Engineer: 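Supplied in structure tokens, the structure appears directly below.
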Amino acid sequence: MLTLNVVTLFPEWFAGPLATSILARAAKQGLVRYRIVQLRDFTHDRHHTVDDAPYGGGAGMVMKVEPLAGAIEAARAELPGAKVLLMSPRGPLFTQATARELSRHEPGLVLVCGRYEGVDERVMASVDGELSVGDFVLTGGELAALAVVDAVARLVPGVLGNEASSVAESFEEGLLEHPHYTRPPVFRGAEVPAVLQSGDHARIARWRRWKAIKLTQERRPDLFARLEFSKADQKLLAREEEAL
């Protein structure tokens, strides 16, 4: 079982999402275990202080090293071998490849949520690394940690039910996913592509691959530029849709 621990000042952030849909079912089936740790439990003063003014002056407050280090040490003791990651905008970008790698890291992960202006730099001695969900600033690490928990948990074998679901998704091969359609065949004049109604599975597979490549080229040229296409893909890319 993969255990996902989150160290946070606001456990209530996680109550609803972890009790809903696929994440809740994964826990109920014993495939994933969630543990939300209240950082204030590791303070030692009567006010449960977790922040203080920064040395050198400046705006805002900084999260103290003592409670963070204590919470991380307790998590490591409970879950030996766990990977500890601080949610931080300066960390490497979290990607689908990262999610898949982390989903295989047993016994699990400890995600540490920062707040305020940041954390005391000495906390870095207690973590294995940092992780960012994008080039933007959040009020705290909770939303970022929740995104990581969701992305990782759904990749644990058995969680999605149909394992093919996680294989043919956007970013799994560096491509965006092909478009999807369902009934009705016509909605406000917009028709489902005829190829998807043809019953020709080889042609459908070609169309989906072609669409995935084209969408990536049009909407994520940064991803497209990094791709290495097979000869078959290169031939496919050169064709027009009606010739598929």
Side-chain angles (χ1 to χ4, degrees), residues 1-15 17-19 23-24 26-52 61-95 97-133 138 140-159:
M1 179 192 299
L2 184 71
T3 297
L4 300 172
N5 284 8
V6 180
V7 178
T8 174
L9 281 171
F10 300 100
E12 57 271 26
W13 263 89
F14 301 88
L18 297 184
L23 295 182
K28 187 175 181 180
Q29 293 174 340
L31 301 172
V32 181
R33 180 170 76 107
Y34 312 116
R35 184 165 185 267
I36 309 303
V37 178
Q38 169 57 267
L39 180 61
R40 292 190 192 279
D41 291 344
F42 295 87
T43 57
H44 300 289
D45 67 302
R46 64 191 181 95
H47 298 294
H48 301 290
T49 307
V50 296
D51 63 321
D52 207 340
M61 302 291 276
V62 175
M63 293 186 76
K64 292 168 63 66
V65 65
E66 300 103 314
L68 282 166
I72 292 168
E73 287 162 7
R76 286 192 188 276
E78 181 183 293
L79 202 63
K83 192 177 187 73
V84 181
L85 298 170
L86 172 68
M87 305 310 303
S88 165
R90 70 184 190 184
L93 188 64
F94 180 66
T95 66
T98 311
R100 190 162 290 281
E101 177 186 346
L102 294 179
S103 73
R104 297 168 178 157
H105 188 88
E106 294 188 2
L109 311 174
V110 178
L111 304 177
V112 182
C113 301
R115 278 268 158 178
Y116 312 122
E117 289 301 309
V119 305
D120 188 305
E121 185 67 17
R122 290 169 291 184
V123 169
M124 297 309 301
S126 299
V127 303
D128 298 314
E130 297 170 278
L131 199 58
S132 170
V133 295
L138 297 168
E142 284 77 15
L143 192 56
L146 187 57
V148 173
V149 167
D150 186 286
V152 170
R154 66 193 301 279
L155 293 176
V156 173
V159 168

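Since we're looking at a predicted model, the values are computed, not measured.
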Engineer: Out of the candidates Val37, Val110, Asn5, Thr3, only one should pair with Glu78 under the side chain to side chain contact (heavy atoms under 4.5 Å, CB included) rule; please name it.
Structural biologist: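 For Glu78, the side chain to side chain contact (heavy atoms under 4.5 Å, CB included) test succeeds with only one of Val37, Val110, Asn5, Thr3, which is Asn5.
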
Engineer: Go through it in stages, so that I can follow the logic: the residues are Lys64 and Val50, the test is side chain to side chain contact (heavy atoms under 4.5 Å, CB included), and I'd like the CA-CA distance, side-chain angles, deciding distance and then a yes or no.
Structural biologist: CA-CA 5 Å; Lys64 292 168 63 66; Val50 296; 5.7 Å; no

Engineer: List the atom of Ser132, the atom of Gly91, and the distance in Å for their closest heavy-atom pair.
Structural biologist: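 Here Ser132 and Gly91 meet closest at CB-O, 3.4 Å.
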
Engineer: In Å, rounded to the nearest 0.5 Å, how long is the span from CZ of Arg100 to CZ of Arg154?
Structural biologist: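 Arg100 CZ to Arg154 CZ: 9.0 Å, rounded to 0.5 Å.
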
Engineer: Give the intermediate values and the outcome of side chain to side chain contact (heavy atoms under 4.5 Å, CB included) for residues Ile36 and Leu18.
Structural biologist: CA-CA 10 Å; Ile36 309 303; Leu18 297 184; 3.9 Å; yes

Engineer: Determine the minimum heavy-atom distance between Ile72 and Ser126, stating which atoms define it.
Structural biologist: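 Closest approach of Ile72 to Ser126: CG2-O, 3.3 Å.
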
Engineer: For a quick test of reading the model, state the closest non-hydrogen atom pair linking Leu39 to Pro67 and the distance between them.
Structural biologist: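 Minimum heavy-atom contact is CD1-O, 3.4 Å.
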
Engineer: What distance separates Leu111 CG from Thr8 OG1, expressed to the nearest 0.5 Å?
Structural biologist: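 OG1 of Thr8 is found 11.0 Å from CG of Leu111.
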
Engineer: Please name the pair of heavy atoms, one in Leu155 and one in Ala99, separated by the smallest distance, quoted to 0.1 Å.
Structural biologist: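 That closest heavy-atom pairing would be CD1-C, 3.7 Å.
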
Engineer: Rounded to the nearest 0.5 Å, what's the gap from CG on Leu9 to OH on Tyr116? Could you check?
Structural biologist: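 These two atoms lie 5.0 Å from each other.
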
Engineer: Ignoring hydrogens and angles, tell me if any N or O in the side chain of Arg76 forms a donor-acceptor pair with the backbone of Val84 under 3.5 Å.
Structural biologist: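 Pair absent, no side-chain N/O of Arg76 close to backbone of Val84.
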
Engineer: Within the distance-only criterion (no hydrogens, no angle test), does the side chain of Gln38 pair as donor or acceptor with the backbone N or O of Arg40 below 3.5 angstrom?
Structural biologist: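 Here the side-chain-to-backbone pair exists.
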
Engineer: Does Tyr34 form a side chain to side chain contact (heavy atoms under 4.5 Å, CB included) with Leu23? I'd like the steps, not just the answer.
Structural biologist: CA-CA 9 Å; Tyr34 312 116; Leu23 295 182; 3.5 Å; yes

Engineer: Between Leu31 and Val156, what is the shortest heavy-atom contact and its length?
Structural biologist: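 Shortest heavy-atom contact: O-CG1, 3.9 Å.
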
Engineer: List the atom of Val6, the atom of Cys113, and the distance in Å for their closest heavy-atom pair.
Structural biologist: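 Heavy-atom minimum between the residues: CG1-SG, 3.6 Å.
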
Engineer: Under a 4.5 Å cut-off applied to non-hydrogen side-chain atoms, are Glu142 and Arg115 in contact?
Structural biologist: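 Side chain of Glu142 against side chain of Arg115, heavy atoms only: contact under 4.5 Å found.
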
Engineer: If we only count heavy atoms from C-beta on, is the Phe42 to Val7 side-chain gap below 4.5 Å?
Structural biologist: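 SC-SC contact between Phe42 and Val7 ruled out.
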
Engineer: Might you work through the side chain to side chain contact (heavy atoms under 4.5 Å, CB included) test for Val152 and Leu2, ending with a clear yes or no?
Structural biologist: CA-CA 10 Å; Val152 170; Leu2 184 71; 3.8 Å; yes

Engineer: At what distance, to the nearest 0.5 angstrom, does CG of Leu85 lie from CD of Glu130?
Structural biologist: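 Between Leu85 CG and Glu130 CD, I get 9.5 Å after rounding to 0.5 Å.
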
Engineer: Working to the nearest 0.5 angstrom, can you tell me the gap between Leu68 CG and Thr43 OG1?
Structural biologist: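 Separation between the atoms: 11.0 Å.
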
Engineer: Going from CE on Met63 to CD on Glu117, what distance comes out if it is rounded to the nearest 0.5 angstrom?
Structural biologist: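 Met63 CE to Glu117 CD: 12.5 Å, rounded to 0.5 Å.
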
Engineer: Below 4.5 Å, heavy atoms only, C-beta onward: do Thr98 and Leu131 meet side chain to side chain?
Structural biologist: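 Sidechains of Leu131 and Thr98: in contact.
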
